[in-house]
Enquirer: 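Sharing a structure, written as structure tokens. Questions coming.
To find a chain, count down the sequence lines: A is the first, B the second, and so on, and within it residues start at 1.
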Amino acid sequence: MIQKLLLFSNIAVLMEAEETKKSLNFIEAIVEKDLQEGKNGGRIQTRFPPEPNGYLHIGHAKAICMDFGIAEKYNGICNLRFDDTNPTTEDVEYVNSIQEDIQWLGFKWANVYYASDYFQQLWDLAIKLIKDGKAYIDEQSAEEIAKQKGNPTTPGIESPYRNRPIEENLALFEKMNSGDVKDGDLVLRAKIDMASSNMHFRDPIMYRIINNRPHHRTGSKWKAYPMYDFAHGQSDYFEGVTHSLCTLEFEVHRPLYDWFIDQFANKDYRPRQNEFNRLNITYTVMSKRKMLQLVQEKLVSGWDDPRMPTLCGLRRRGYTPTSIRNFIDKIGYTKYDGIIDVSLLEHSIREELNATATRVSGVLNPVKLIITNYPEGKTEMMEAINNPEDETKGSREISFSKEIWMERDDFMENPPKGYFRMTPDKEVRLKNAYIVKCTGCKKDVNGEIEEVYCEYDPMTKSGMPESNRKVKGTLHWVDAKNCIDAEVRLYDRLFIVENPSEEKEKDFKELLNPDSLKTVLNCKVEPCLQTAKPLENFQFQRLGYFNIDPDSKKGKLIFNRTVSLKDSWAKEKK
RNA sequence: UGUCUCAUGGUGUAAUGGUAGCACAUCAGUUUCUGAAUCUGCUUGUCUAGGUUCGAAUCCUAGUGAGACAACCA
């Protein structure tokens, strides 16, 4: 018994040592320190707070992994909270897609909350601030207020309405919510410091009027809506959030976050905001505004266009939840705002699919290969291993006959140095079949190759001793008599420059890659793909990883290329 | 000419005063019935100048560079 206990404690120690081997990111370090100091009674609570006004992208995935990851790691909880304080752009469509995407990534929230559920509490707090002489109604135009704000290097000037009597402020605040006042005519501002070096302290707006569109949850009950700065920290407080984690651009908001909470909070509990770097990836954009433009101007097919960095786009492209989470895990969290090479993302999906994807044959740009000495009408079944990285996946049979489709690029009459595919008088191996020797080709009047000819060596069938002969090239193929047509969509980077957001003088849309989508029709693929399910991943041998696009219908297969295989030959040619 | 934040190979990230390590990318080789994967190896880095210290990527000072902030967006 004692020995058993000792063993267990040793294991615990070892496990701890194992765990501490992987260094903590700075947020985890903060959390552990808070835990050691017994802050908030050792309770850990985070939240993921999207505004339901767009689709989640891979940048959100980074925040999601942080928010949910911290809760999971430290036995806390993470809630999903919709920051729905601005009805003009928000919609239930987004509420739903956001929940779907989080679940797809594999995270579970403790509760779903809405900032709109706190509208009454926030309203009451605003009234308290007015009564304390710390908030007032301004009736100047947005332009006037902006002008008075000054700029980061010159102080602002005070509003003429700043010292309005409390009773008048209370009456006008009520009026803001009556529906009788036009948008923009009245705002509630906090009375702080128009000369503050932090622009957010120059009497920030707490409430504004939005009449034009009912709220997707509260309907037309409210006309005056709280601003982010007045809603976010309080919502965190109401919910009992201990660590309010967000991205770096909110750093300058933190003093205001604390200031509002100071106005009413008791001293024994306090949510703390900490900021980490947001995700940027080369050759794409990570701004909701820009993505929305691409969608609205139909420069992409929608939020789920496989070229988009949205989670629904990546999913459709063939990315898996684990590949995205592994990617996020690799890039880490710091306060340095850099840009991640997209090749790391590509590596994450290749790494996974290499281990899991079934190998099949697909010929994208087919040309007929005729094995002249192969008996007419004969068909042989060949064994094809489903995944050489995973024996448990077994094998399947594929048919082989006199006429097969091969890749047009795999034949050259006058090849460059280093080419070891099909070329006259040279031998190549047909994957899972025979070694063949090219004997020539037939061209049409324009010199286009119509057919390629070869002779097979019957002794070299895969598995036979003779087949071990050293042959440099191995080609994929499909049986012309037994294959199906498919459409294949090849994707390239969406933009032609590494960082489209950095180009100041050019509109980012001018930097779109005109060749980001190539649709290839009449590709030939193995018949077994007929029964493949939407989003199922495959490796087309020698070409890359592909999945079934959800637009596929029976009889009309559509594949997306998730990512190509690495290709050192293509590199060498350059 | 303000406030805040940041600075480690090409990119990202570790080292928490004590041997600058890892991943991706690159290149070379190995292996291969996928020009993939595997395996091995190479190259490349602490922004600058001072200071503290036996010892500094790490602490201090100054400089340089970068980012965020001037929405009735979040």
Enquirer: Looking at A74(B), G35(B), G2(B), which one has an atom nearest to any side-chain atom of Ser197(A)?
Expert: G2(B)
Enquirer: Check this for me: does any side-chain nitrogen of one of Asp337(A) and Arg278(A) sit under 4.0 Å from a carboxylate oxygen of the other?
Expert: no
Enquirer: Please pick, from C6(B), C69(B), C27(B), the nucleotide with the shortest atom-to-atom distance to any side-chain atom of Tyr336(A).
Expert: C6(B)
Enquirer: Between the protein and nucleotides 16-19 of chain B, list the N/O to N/O atom pairs that are separated by less than 3.5 angstrom.
Expert:
none

Enquirer: Could one point to a donor on the side chain of His200(A) or the base of A71(B) with an acceptor on the other under 3.5 Å away?
Expert: no
Enquirer: Using only side-chain N and O atoms of Thr85(A), determine if any of them is under 4.0 Å from OP1 or OP2 of A74(B).
Expert: yes
Enquirer: Can you tell whether the side chains of Glu383(A) and Arg396(A) come within less than 4.0 Å, N to carboxylate O?
Expert: no
Enquirer: Counting side-chain heavy atoms from CB outward, which of A25(B), U13(B), C72(B) is closest to Ser343(A)?
Expert: A25(B)
Enquirer: Contact class for Gln539(A) vs. all strands (heavy atom < 4.0 Å): base, sugar-phosphate, or nothing?
Expert: base
Enquirer: Please determine, for the side chain of Lys335(A), which listed nucleotide (C6(B), G35(B), C73(B)) has the closest atom?
Expert: C6(B)
Enquirer: Where the side chain of Gln541(A) is defined as all heavy atoms beyond and including C-beta, which of G35(B), U34(B), A23(B) is the nearest nucleotide?
Expert: U34(B)
Enquirer: Does the structure show Tyr228(A) stacking with A74(B), if we require the centres to be closer than 5.5 Å and the planes to be within less than 30 degrees of parallel?
Expert: no
Enquirer: Identify each donor-acceptor pair in which a side-chain atom of residues 222-230 of chain A lies under 3.5 Å from a protein atom, sequence neighbours left out, and give them as a table.
Expert:
residue: Tyr225(A); atom: OH; partner: Trp222(A); partner atom: O; Å: 3.0
residue: Asp229(A); atom: OD1; partner: His253(A); partner atom: ND1; Å: 2.8
residue: Asp229(A); atom: OD2; partner: His253(A); partner atom: ND1; Å: 3.4

Enquirer: Give Arg254(A) one of three labels, base, sugar-phosphate or nothing, depending on what nucleic acid heavy atoms sit under 4.0 Å from its own.
Expert: nothing
Enquirer: So what does Tyr419(A) hit on the nucleic acid, given a heavy-atom distance under 4.0 Å: a base, only sugar-phosphate, or nothing?
Expert: base
